[in-house]
Protein chains: 2
Amino acid sequence: MTENAMGAATGRRRTWQRDAVREALGGQDGFVSAQVLHAGLREAGSPIGLATVYRALADLAADGAADHLQLDGESLYRACGSADHHHHLICRSCGKTLEISAGPVEAWARSVAADNGFREAEHVVDVFGICADC
Amino acid sequence: MTENAMGAATGRRRTWQRDAVREALGGQDGFVSAQVLHAGLREAGSPIGLATVYRALADLAADGAADHLQLDGESLYRACGSADHHHHLICRSCGKTLEISAGPVEAWARSVAADNGFREAEHVVDVFGICADC
DNA sequence: ATGAATGCAAACTCTTTGCACATTG
DNA sequence: CAATGTGCAAAGAGTTTGCATTCAT
């Protein structure tokens with residue numbers, strides 16, 4: 001566990017595949033699974049490989065350029081323009097996901113960690129419920 | 001979505017396995033994965049099978065007796081009803097876990113859910129970091 | 001030229017399912 | 001006695017990884 005917490009883009013090369021993934025991701029409204037993204041790219045003509053899509057998405061997420069969350073057994077990604085840190089409000093019933101900002105929680109998490117002598121604090125915050133439509 | 005939303009326990013039989021899973025789940029603080037729960041049960045002497053644990057957990061969740069969420073590729077379950085609610089501060093390096101109370105966060109989570117029309121709000125809050133000893 | 005990125009397929013992890021046998025009501 | 005639950009092992013779904021080749025710098 002001695003790895004780069006905020007994995008810097010050390011010597012990351014620019015390939016059309018990487019660009020394609022980034023662009024495809026940006027062209028999506030919400031969260032997309034790696035597989036769906038891959039299928040879309042193939043349909044659009046890219047002979048890109050599935051593994052490459054997974055790797056590109058992982059790198060994007062590591063670089064903070066994409067948000068990553070898991071729902072129903074698969075990884076979902078979404079372009080994340082700002083390094084803005086946010087969380088999710090998820091409907092337990094229909095799976096609808098809203099983005100929420102957690103201003104007060106950020107500070108609280110930091111202070112809790114600091115109070116207990118923890119460094120490099122990160123946190124996971126997700127709120128679940130039943131949305132109005134369900 | 002035409003299934004029993006609140007899946008009634010139609011002819012659900014009582015077996016010691018079911019009881020063991022329910023009890024093991026209740027004895028846990030937070031969310032546990034099916035596999036961890038299974039391992040714990042085996043260590044405790046139960047010759048219960050993994051598939052049975054999965055099925056029991058699925059039933060408990062369907063009956064509303066357990067909460068279910070996914071994190072990092074695995075399904076996590078928690079007894080629902082033991083509303084004793086606290087969170088954890090976890091060391092990424094040595095795994096040490098402290099229990100923390102999240103006073104301000106509770107209110108925040110409730111209000112975020114309410115603001116968006118969500119009912120039965122629950123939340124997952126965990127803070128990760130490197131503890132003082134590491 | 002040099003090493004990171006790609007593609008393919010095999011390997012992995014977690015979860016679900018088929019089927020024969022044991023249990024419950 | 002009929003039907004549900006269990007256990008095992010095999011099957012699935014999604015994701016990751018090894019390795020030879022290709023490509024960006």
Between [atom2] of [N] and [atom1] of [X], the distance in whole Å:
X	N	atom1	atom2	result
Tyr54(A)	dT13(C)	OH	C1'	13 Å
Ile48(B)	dT23(C)	CD1	C1'	14 Å
Tyr77(A)	dG14(D)	OH	P	14 Å
His38(B)	dT16(C)	NE2	C1'	15 Å
Glu74(A)	dG12(D)	CD	C1'	14 Å
Asp19(B)	dT23(C)	CG	P	16 Å
Leu76(A)	dG14(D)	CG	P	11 Å
His68(B)	dT15(C)	NE2	P	8 Å

Strictly distance-based, threshold 3.5 Å: is any side-chain N or O of Arg42(A) a donor or acceptor partner for the main-chain N or O of Ile48(A)?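 Yes; at least one donor-acceptor contact below 3.5 Å.
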
Kindly say whether Ala62(B) contributes a backbone atom to a donor-acceptor pair with the side chain of His68(B) at under 3.5 angstrom?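 Between the backbone of Ala62(B) and the side chain of His68(B) there is no qualifying donor-acceptor contact (under 3.5 Å).
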
Pairs under 3.5 angstrom, nitrogen or oxygen only, protein versus nucleotides 18-22 of chain C, please.
none

Is the phosphate of [N], meaning OP1 or OP2, less than 4.0 Å from a side-chain N or O of [X]?
X	N	value
Gln35(B)	dT13(C)	no
Thr52(A)	dG7(C)	yes
Gln17(B)	dG7(D)	yes

After noting the C-alpha distance and the side-chain angles of His123(B) and Arg110(B), does the key distance pass the side chain to side chain contact (heavy atoms under 4.5 Å, CB included) rule? CA-CA 9 Å; His123(B) 56 273; Arg110(B) 253 193 304 279; over 6 Å; no

Trp16(B) vs Leu50(B), nearer the 5' end of DNA chain C by closest nucleotide: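 Comparing both residues, the 5'-ward one is Leu50(B).
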
Check DNA chain D for consecutive Watson-Crick or G-U pairs with both distances under 3.5 Å and list the runs of at least three as stems.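 Ordered by first number, the stems with DNA chain D (at least 3 consecutive pairs each) read C:1-25 with D:1-25.
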
Counting the atoms with a prime plus P, OP1 and OP2 as sugar-phosphate, which does Ser75(A) contact under 4.0 Å by heavy atoms, base, sugar-phosphate, or nothing?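 Sugar-phosphate, backbone atoms only, no base.
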
Side chains of Ile100(A) and Trp108(B), heavy atoms from C-beta outward: is any pair under 4.5 Å?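 SC-SC contact between Ile100(A) and Trp108(B) confirmed.
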
Could you check Arg42(B) against Arg14(B) and say which one's nearest nucleotide on DNA chain D is further toward the 5' end?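 The residue whose closest nucleotide sits nearer the 5' end is Arg14(B).
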
Trp16(A) vs Ser46(A), test: side chain to side chain contact (heavy atoms under 4.5 Å, CB included). Steps then yes/no. CA-CA 10 Å; Trp16(A) 64 265; Ser46(A) 280; 3.8 Å; yes

